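The analysis underlying the following values was restricted to heavy atoms, covering all of them including side chains, and did not include hydrogens, waters or symmetry mates. Fair warning: this is a prediction, and the values are worked out from it, not measured in the lab.
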Amino acid sequence: MGVNKPEKKQTFKMPHLFWIMIGLLLVASLLTYVIPAGEFGKDANGTIIGTEFSYLGYQTPVSPWKMFMLVLQGMINSGAVIWTVLVMGAMTAVVMATGAIDELLNWAIYKLKDKNENILISIMFILMVYLGGFGGSDALIAVVPIGVVFCKKLKLDPICAIGVSTYATLIGFGTGPTKQFITQMMMDVPVYGAFFTMFISMNFFMVIGLIFLLRYVKKIRKDPTKSLMWSEGWNPANMVVSKEEEEMLNKGTKLSLRTILILVVFLGQYIIVVAYPLLTGDTGSILYLMVALSLLVSIITGFLGGFSFDRIGDEIVKGLQSMVFVGFVIGLAMVMSLVMTEGHIIHTIVYVLSRPLMDLPRAVAGIGMTVIVALVGFIIPSATSKAAILVPIIKPISDALNLDPNLAVQAFQYGDGFTHLITPFLGWMIGSCIMAGVPFTKWFQWVIPKVIVFIAISFGIMYFLTESGWTAF
């Protein structure tokens, strides 16, 4: 008789984003048959009057077939946004391929290795936050092994290894001043228009996040059994850095002129994009400027990196390929908006959702948006995907509540930014736990109080920004 093999447990797996988007489009199509059609009143300038709403008295359904027929129109309407995203993705691929980011990290670690422990951790943390804030992508999972060796050398537990790598980069990635340009384009607000506010915000949350990490380091230094990894077998007395790992920390003896020039060119483009509308007063040409700069940065950094003409072309193609599906999703988001608009249900949905908030302070609406985005973000960690799903709803709600769209973008950023640290659906986060040898349950236990504090603080910031009449700076 054969031995019965134990059945493998079926674990839940999120469907591919393509099917999520198609499913949502079909749901939107079917809802045009069910939700009563209605419209808000508009003034002479076409601006929605949030206090004037009426039902049409008849349905204007959009069939599933008509929904698919609207796909091309959605792509056309989103063309400027899609192509800007594609070209910026190509530029990022070229910069990453030069190895300048890797060399910067190696150099910084080498220079800091003999410093005081808290200073060393702090500078490493700040460097990672800025890396996530300006060059962040899931490719930064590659810095986790550096964090692991770094903490082994200091005899800190694996949670600290994630703390100085992925925890830091995700704080920068979630609150950075350049990370919401897709949402800003979809919300029709100036790209990087709130650069300085977001930059200050990133640094504020960076300090809070660093304080949390240093407190934990102090606690396990005082009593190693307080480490969440103690029960998993971690013991500082048994930590040894191998020769290969030591070489990893010592290989960045100098920062080359090549890398310095690449970083100056890469970061300089953001300064130009932010300064351009302030100096010229021209906000309508930002996307043209971003595409032009992205292409120039791709070419210049490629040559600075020693690439041949063919190699630069190949890296640009790779970058474009990596962003094609992102562009497709942005187009599908526009299709969803078209379906709900032609079906005359978008105003009805907005009216029902916003009516309870009409008699409350506007600041509550901004906080409510943050909560909604955070809840969706736990299930769908991709910022682009959340924007595709939520912007068609959030944008008209902000109009109906007379809430500046820049505030809606800020609410989106805070709702999106911190759930990255706790969602099991983000490969970047789960992969980091695997690479550092930290069970996700232990990581969740450590980070969830921090995320709650971050989100609570973001509520306070949203309230202040709304009540102070902030628009963008």
As an exercise, state the distance from CE of Met462 to CZ of Phe459, rounded to the nearest 0.5 Å. 10.0 Å

Contact check, side chains of Ile461 and Phe205, non-hydrogen atoms, under 4.5 Å: yes

Distance col, row Leu293:CG vs Ser298:OG, nearest 0.5 angstrom, shows 10.5 Å

Minimal heavy-atom distance between Leu26 and Phe68, with the atoms involved, is CD2-CE1, 4.4 Å

Parallel, tilted or perpendicular: ring planes of Phe328 versus Phe325, cut at 30 and 60 degrees: tilted

Would you mind reporting whether Val451 and Thr419 have side-chain heavy atoms less than 4.5 Å apart? no

Please check if atom CZ in Phe464 has more than 12 non-hydrogen atoms from other residues, nucleotides or ligands closer than 6.0 Å. no

Using the benzene-type ring in the case of Trp, are the ring centres of Tyr167 and Phe125 under 6.0 Å apart? yes

Between CD1 of Ile171 and OG1 of Thr166, what distance do you get to the nearest 0.5 Å? 11.0 Å

Please examine the side chains of Met435 and Val148, heavy atoms only from C-beta on, and report whether any two atoms are closer than 4.5 Å. no

Interatomic distance, CD1@Ile367 vs OG1@Thr370, rounded to 0.5 Å, equals 7.0 Å

Which atom names give the shortest non-hydrogen contact between Gly437 and Pro439, and what distance separates them? O-CD, 3.8 Å

Check the angle between the aromatic planes of Tyr130 and Phe199 and answer parallel, tilted or perpendicular using the 30° and 60° thresholds. perpendicular

Does a side chain donor of either Asn406 or Gln410 reach within less than 3.5 Å of an acceptor in the other side chain? no

Summary of side chain to side chain donor-acceptor pair (under 3.5 Å) pairs that have at least one residue in residues 443-454, sequence neighbours excluded: none

Side-chain (Gln413) to main-chain (Gly176) donor-acceptor, under 3.5 angstrom: yes

Atom OH of Tyr288 with >12 non-hydrogen neighbours under 6.0 angstrom: no

Nearest atoms (heavy-atom pairs only) where Ser227 meets Asp157: OG-OD2, 2.6 Å

